[in-house]
Amino acid sequence: MSDFEHLIYDAVKEAVQTVYGIDAEGMLVVETPRDPKMGDYSTSIAMRLAKQLRKRPTEIAEPIAEHLRTHFSQAKSVEVANPGFINFRISESSLTEMIGKIIEAGDAYGTNDSGKGKKVLVEWVSANPTGELHCGHARNAAWGDGICRLMEASGYDVLREYYVNDAGNQIVMLGESLISRYFEYFGKEYPLPEDGYHAEDVKKIAFEIAEKDGDKWLEADPKERLAYFMQEGKSRELKKIDEDLKLYGVRIDSWIHETLFYENDRERINTVLKRMDDLGLTYEKDGALWFKSTEYGDDKDRVLKKSDGTLSYMTPDIANHVYKVERGYPKLIDLWGADHHSYVTRMKAALRALGYPEDTLTVDLIQMVRMVEDGKEVKMSKRTGNAITIRELCEDVGVDAARWFFVSKDVATHMDFDMKLARTKTNENPVYYCQYAYSRMHSILEKAEGFETAEDFDQLNDEKELLILKMLSDFPNHVGEAALMRKPNKIADYILSLVKVYHSYYNSCRVINAEDPKLTSQRLALVKATSITLKNALNLIGVSAPESM
RNA sequence: GCGCCCGUAGCUCAGAUGGAUAGAGUAUCAGAUUCCGAAUCUGAGGGUCGCAGGUUCGACUCCUGUCGGGCGCGCCA
């Protein structure tokens with residue numbers, strides 16, 4: 001809640017207690033009315049008390065409002081409206097006090113302690129190191145980074161993690177594909193596996209290895225050669241992924257490799273399997289080891305160890321999730337592509353079966369993205385013929401537009417990414433509308449020299465000035481709420497609405513007026529506070545705040 | 001067949017825990033600039049919230065059914 005929401009909450013709670021002798025905790029909600037004409041804040045408490053008190057909501061509301069009028073000094077007005085809302089308007093002086101607080105807080109404005117230092121491990125992207133990141137990953141990456149930024153700003157202790165699937169068959173395929181391309185470089189034949197990787201970037205890596213190492217691997221021991229190409233391929237692919245994420249503005253703190261769980265004769269995995277066995281969660285059938293996941297709500301039991309002795313994908317991943325908890329993170333958030341949704345049940349089942357609390361793991365599914373141009377889906381990059389990569393996207397539409405688009409739409413919805421619109425550098429593109437507002441603010445502030453720094457703000461009484469101040473004061477509240485719900489798109493919405501009011505204000509009120517230095521200095525302070533808030537908000541979704549454009 | 005997600009204005013999308021007349025952007029139409037950046041602003045039109053029931057003071061929101069679209073139902077990862 002914002003400062004004002006807290007104040008109102010406490011005041012209303014006290015009023016209800018005094019007037020009716022009822023503890024409103026749990027039923028009291030302070031919200032912002034849709035229509036600002038209603039007031040700055042409102043509460044529906046009278047309607048919620050109606051049943052208990054057997055009276056009409058408006059009759060219940062009036063005595064509460066009357067009490068607040070005399071006891072709640074920050075409110076300019078407290079009014080009752082049908083069908084029983086109590087509406088508040090915050091006094092101008094309380095609002096203008098925010099300016100100083102925001103300027104003082106600077107980059108930290110918006111941070112809040114709603115996370116209470118809770119430790120959270122967010123695992124996302126986690127694309128296999130067998131190729132480049134593409135558009136689907138771009139949505140996942142932008143959203144996950146947004147969630148991390150929001151939680152960090154809200155006082156959570158966040159670890160940003162990427163799980164590298166480097167132990168499965170796909171890495172063998174990568175190695176074999178590279179060897180094939182390596183042979184090709186020297187004009188020799190080596191079969192490219194059918195389900196190998198045919199993409200251009202794999203070929204490029206193979207050629208790089210050929211240029212670095214020469215032909216020494218042509219006649220090398222096949223086992224040694226495969227191991228080398230697997231390792232080399234993986235690390236080069238990972239390096240590219242890391243670079244692309246950095247280009248995209250996404251920071252990863254921790255890279256956990258699947259092979260970690262295979263170290264020391266699968267020590268970590270065996271420990272987990274033993275725990276499951278001890279708990280009676282497994283059985284053998286058809287030469288394979290199974291997990292009784294149906295006992296935990298899954299459709300069917302799942303194989304942990306295949307009859308050939310190798311492990312199924314989920315087994316090291318269970319160890320991975322256990323390892324997260326063991327490192328001191330009781331709260332895990334994973335972002336997966338929606339095509340993995342069936343996997344959610346079994347992973348949760350495994351953790352619950354092992355005795356971890358139900359809410360240990362939260363999985364947010366990222367629905368599919370369709371890249372669209374001129375109303376038609378673009379499946380492939382025109383340049384490469386492969387899926388559009390995150391790098392191409394950054395070069396094509398820009399990082400800011402890409403991140404804005406991905407983050408401004410809830411990941412639960414299937415999204416159309418309009419390439420043409422994202423590329424557009426005009427008013428059609430909301431990201432530039434927002435950035436332009438920041439540039440305008442900066443432009444004004446550059447002209448601020450010669451004006452004193454305002455100490456008080458008694459002349460800021462334009463309707464739009466007060467609305468801006470109200471929105472600014474709500475910012476930390478929006479951040480905390482967006483973090484709690486893991487919805488960065490709420491910040492994009494907030495930015496749009498703030499910027500809209502600012503543009504409107506800019507057109508109706510002149511900030512700099514040499515004939516009225518007092519008003520000018522007060523308005524400059526307001527613009528300063530607004531620019532700080534806007535910049536911080538943009539930063540939360542990974543979009544830059546350009547001083548000129 | 002079973003499971004998960006989605007269905008809101010012409011288009012792209014918001015609407016957490018049920019609340020006031022369902023909102024933005026864009027597109028369309030009509031206006032605004034001797035002045036801080038017009039990548040701007042002001043206004044207008046545009047909706048059976050897929051459909052049908054139910055729950056209640058009140059449902060876009062919750063429940064049931066149904067239609068449409070996407071995704072998944074491997075000893076693949």
Side-chain angles (χ1 to χ4, degrees), chain A residues 29 31 33-35 37-38 42 44 47-48 50-51 56-57 81-85 87 128 130 165 167-171 173 195 258 285-290 298-300 302-314 317 337-345 365-368 370 372 375 405 408-418 421 424-437 439-448 481-482 484-487 489-490 492-493 496-497 500 502-514 520 523-524 527 548-549:
Chain A
V29 177
E31 54 200 346
R34 277 233 170 77
D35 186 349
K37 285 193 185 73
M38 301 291 186
S42 74
S44 58
M47 285 130 93
R48 289 168 197 259
K51 195 167 271 178
R56 276 204 301 276
N82 278 323
F85 289 98
N87 295 328
N128 288 348
T130 53
N165 297 127
N169 195 45
Q170 77 276 14
I171 295 294
M173 282 301 149
D195 40 1
E258 187 183 2
K285 193 183 89 179
D286 305 329
L289 182 69
W290 298 71
D298 203 354
D299 292 347
K300 48 186 93 167
R302 305 294 170 179
V303 168
L304 293 166
K305 193 188 285 183
K306 297 181 259 181
S307 52
D308 67 1
T310 62
L311 303 172
S312 73
Y313 175 76
M314 87 174 290
D317 204 15
D339 51 341
H340 290 86
H341 72 80
S342 64
Y343 196 77
V344 176
T345 316
L365 295 173
I366 316 285
Q367 294 296 329
M368 299 298 156
R370 271 168 26 115
V372 174
F405 272 57
S408 60
K409 289 162 180 69
D410 194 327
V411 286
T413 64
H414 311 269
M415 170 187 178
D416 283 349
F417 187 104
D418 188 332
L421 179 58
T424 307
K425 294 227 168 26
T426 70
N427 61 334
E428 290 168 56
N429 193 338
V431 67
Y432 296 114
Y433 178 77
C434 298
Q435 291 184 318
Y436 180 56
S439 292
R440 274 180 145 185
M441 291 173 202
H442 186 262
S443 172
I444 282 185
L445 293 171
E446 276 189 326
K447 300 179 177 68
E481 189 179 274
L484 178 67
M485 296 172 69
R486 302 183 305 281
K487 285 190 167 199
N489 65 317
K490 289 194 167 288
D493 284 351
L496 266 178
S497 52
K500 187 178 157 68
Y502 179 77
H503 276 311
S504 173
Y505 171 64
Y506 185 96
N507 263 266
S508 64
C509 293
R510 224 189 130 71
V511 173
I512 293 173
N513 180 356
T520 300
R523 286 185 166 169
L524 281 169
V527 171
S548 66
M549 51 193 289

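Every chain is numbered from 1, with letters handed out A, B, ... down the list of sequences.
- Among all heavy-atom pairs drawn from A/Phe85 and A/Ser42, the shortest one is CD2-OG, 4.3 Å.
- For the OP1/OP2 pair of B/G15 and a distance below 4.0 Å, the side-chain nitrogens and oxygens of A/Asn489 include at least one atom meeting the criterion.
- Evaluation of atom-type donor-acceptor distances gives no pair under 3.5 Å for the side chain of A/Asp317 against the base of B/A77.
- Residue contacts shown for A/Asp416 are limited to sugar-phosphate atoms, with no base heavy atom under 4.0 Å away.
- Between B/A77, B/G19, B/A14, one nucleotide has an atom nearer to the side chain of A/Tyr313 than all others, and that is B/A77.
- Among the atoms of the strands shown, base atoms are found under 4.0 Å from some heavy atom of A/Ser307.
- Using a 4.0 Å heavy-atom distance criterion, A/Ala412 is classed as a sugar-phosphate-only contact.
- Put simply, the side chain of A/Ser42 and the base of B/A20 share a donor and an acceptor less than 3.5 Å apart.
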N/O contacts under 3.5 Å, protein versus nucleotides 36-42 of chain B?
residue: B/C36; atom: O4'; partner: A/Arg510; partner atom: NH1; Å: 3.3
residue: B/C36; atom: O4'; partner: A/Arg510; partner atom: NH2; Å: 3.1
residue: B/C36; atom: O2'; partner: A/Lys447; partner atom: NZ; Å: 3.4
residue: B/C36; atom: O2; partner: A/Val511; partner atom: N; Å: 3.4
residue: B/C36; atom: O2; partner: A/Ile512; partner atom: N; Å: 2.9
residue: B/C36; atom: N3; partner: A/Val511; partner atom: N; Å: 2.8
residue: B/C36; atom: N4; partner: A/Tyr506; partner atom: O; Å: 2.6
residue: B/C36; atom: N4; partner: A/Cys509; partner atom: O; Å: 2.6
residue: B/G37; atom: OP1; partner: A/Ser443; partner atom: OG; Å: 2.7
residue: B/G37; atom: OP1; partner: A/Lys447; partner atom: NZ; Å: 3.1
residue: B/G37; atom: OP2; partner: A/Lys447; partner atom: NZ; Å: 3.3
residue: B/G37; atom: O2'; partner: A/Tyr436; partner atom: OH; Å: 2.3
residue: B/G37; atom: O2'; partner: A/Arg440; partner atom: NE; Å: 3.0
residue: B/G37; atom: N7; partner: A/Ser443; partner atom: OG; Å: 3.4
residue: B/G37; atom: N1; partner: A/Met549; partner atom: O; Å: 3.3
residue: B/G37; atom: N2; partner: A/Met549; partner atom: O; Å: 3.4
residue: B/A38; atom: OP2; partner: A/Arg440; partner atom: NH2; Å: 2.6
residue: B/A39; atom: N6; partner: A/Met549; partner atom: O; Å: 3.4
residue: B/A39; atom: N3; partner: A/Lys425; partner atom: O; Å: 3.4
residue: B/U40; atom: OP2; partner: A/Asn427; partner atom: ND2; Å: 3.3
residue: B/U40; atom: O2'; partner: A/Arg440; partner atom: NH1; Å: 3.1
residue: B/U40; atom: O2'; partner: A/Asn507; partner atom: ND2; Å: 2.7
residue: B/C41; atom: OP1; partner: A/Tyr433; partner atom: OH; Å: 2.4
residue: B/C41; atom: O4'; partner: A/Asn507; partner atom: ND2; Å: 3.2
residue: B/U42; atom: OP1; partner: A/Ser504; partner atom: OG; Å: 2.9

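- Relative to the side chain of A/Phe85, the nucleotides B/G3, B/G19, B/C5 differ in distance, and B/G19 lies closest.
- Of all nucleotides listed (B/A16, B/G74, B/G70), B/G74 comes nearest to the side chain of A/Lys300.
- Residue contacts for A/Asp339: at a heavy-atom cut-off of 4.0 Å it reaches the sugar-phosphate backbone alone, with no base atom in range.
- OP1 or OP2 of B/A14 has at least one side-chain nitrogen or oxygen of A/Thr413 nearer than 4.0 Å.
- With B/C75, B/U12, B/A20 as the candidates, the nucleotide lying closest to the side chain of A/Asn87 is B/A20.
- Residues A/Leu365 and A/Gly337 come closest through the heavy atom pair CD2-O, 3.9 Å.
- For a distance-only test at 3.5 Å, the side chain of A/His340 fails to qualify as a donor-acceptor partner of the base of B/G72.
- In this structure, the CD atom of A/Glu31 is 16 Å from the C1' atom of B/G23, given to the nearest Å.
- If you check B/C13, B/C76, B/C5 against the side chain of A/Lys306, the one that comes closest is B/C76.
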